[in-house]
Amino acid sequence: MDLVTREAWGAPATSPAAYQSSAHGVKIHYLGSAYTSRKHSLCDDMVRSIRSEHLANVAEDYVDIAYTALVCEHGSVFEGRGTHKRTGANGNATLNARDYAVCALLGSSGMTVPTDAMLNGLVDAIEWLRRSGDAGLWVGGHRDGFATKCPGEQLYAWVEQGAKRPAGVRPPESTPDVYVVREHDTISAIARRLNVPWQELAAVNGIAAPYTIYPRQELKVPGLIAPVVPPFPGTSAFVVGRRNPAVLDLDDCLIGQGFTRHHDGNGYQRGDLFTEYTRRNVADFQRATAELRGDPDGYPGPLTWTLLHS
Ligand SMILES: [Zn+2]
Ligand SMILES: [Zn+2]
């Protein structure tokens with residue numbers, strides 16, 4: 001699942017919405033307004049604007065974006081209020097307390113047919129809410145028990161057929177994403193918005209000082225491609241004094257990330273032997289990484305492995 005956390009798309013890390021321990025199931029929604037297909041680099045803008053719209057809605061008095069999660073046409077799952085938070089999107093207090101609410105970025109006009117990637121992302125979101133949010137197995141549409149067209153004919157038909165992953169879903173495209181330059185954009189402003197280093201953005205597009213760009217110019221955004229993480233080889237690959245090919249990969253990551261302080265006096269060398277130096281360098285990486293700081297034992301687990309490759 002490609003989960004875009006609240007912090008990653010620019011919302012406060014935790015929603016102020018009321019806590020709830022579990023949900024009966026998940027209700028699927030759509031935007032119910034005109035929507036056009038867009039580049040993925042603009043999807044987070046859309047999510048931010050939905051949150052602004054909700055916060056400005058005096059009639060509803062929303063404390064946050066109303067949805068539990070939102071799914072774009074490219075299959076990314078944007079964390080809305082998130083797990084264990086009461087939704088505001090299902091129509092009334094009873095319905096909000098009953099089910100989570102997942103909104104597809106799909107229109108009632110313009111783009112009205114869900115992509116396979118979107119359906120796949122919706123299933124990702126549903127499974128995530130079951131796994132991490134104690135959601136029950138029921139899946140329905142906003143219109144179930146409430147007078148609304150939401151989530152539209154196309155999506156509701158999919159829900160009625162069991163909300164399944166589409167057959168033969170292709171992996172996401174590996175071609176670089178593209179950003180279309182807007183009026184008054186600068187390289188550094190775009191880089192900040194896309195969360196990539198501006199030097200890299202300039203370099204991959206062959207733009208040198210004075211970094212002139214033009215409205216409607218298309219920029220390649222290679223930084224948006226998720227890094228490829230090889231499968232975790234298991235903890236048995238990392239035992240002090242034992243050799244394993246995965247240690248070569250581990251060493252590449254440590255060297256690439258600059259964690260090479262511990263060595264035998266000749267600089268930290270790449271090799272397939274997991275040494276005490278390797279373990280200490282991994283421990284340095286764990287101490288330097290917020291998600292891993294709690295247990296810096298120097299032995300890579302699945303999360304250390306993933307973050308080392310990021
Ligand atoms: Zn709805
Ligand atoms: Zn997208």
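Start at 1 and go down the list; that is how both ligands and their atoms are numbered.
Of all protein atoms, those that are N, O or S and lie under 2.8 Å from the Zn ion (ligand 2) total 4.
A donor and an acceptor atom, one from each side chain of S49 and S52, are nowhere located under 3.5 Å apart. Side-chain contact, T304 with Q286: a donor N or O sits under 3.5 Å from an acceptor N or O. The closest side-chain donor-acceptor pair between N281 and T260, if any, does not fall under 3.5 angstrom. Judged by distance alone, the side chains of S76 and D2 do bring a donor and an acceptor atom under 3.5 Å apart. Between the side chains of H309 and D249, at least one donor N or O lies within less than 3.5 Å of an accepting N or O.
Heavy atoms only, all atoms of each residue included: Y156 and P151 are closest at CD1-CD, 3.8 Å.
The side-chain heavy atoms of R165 and E127, taken from C-beta on, include a pair separated by under 4.5 Å.
The Zn ion (ligand 1) is closest to atom ND1 of H142 (considering only N, O or S atoms). H29 contributes ND1 as its N, O or S atom closest to the Zn ion (ligand 1).
At least one N, O or S atom of C150, from either the backbone or the side chain, sits less than 2.8 Å from the Zn ion (ligand 1).
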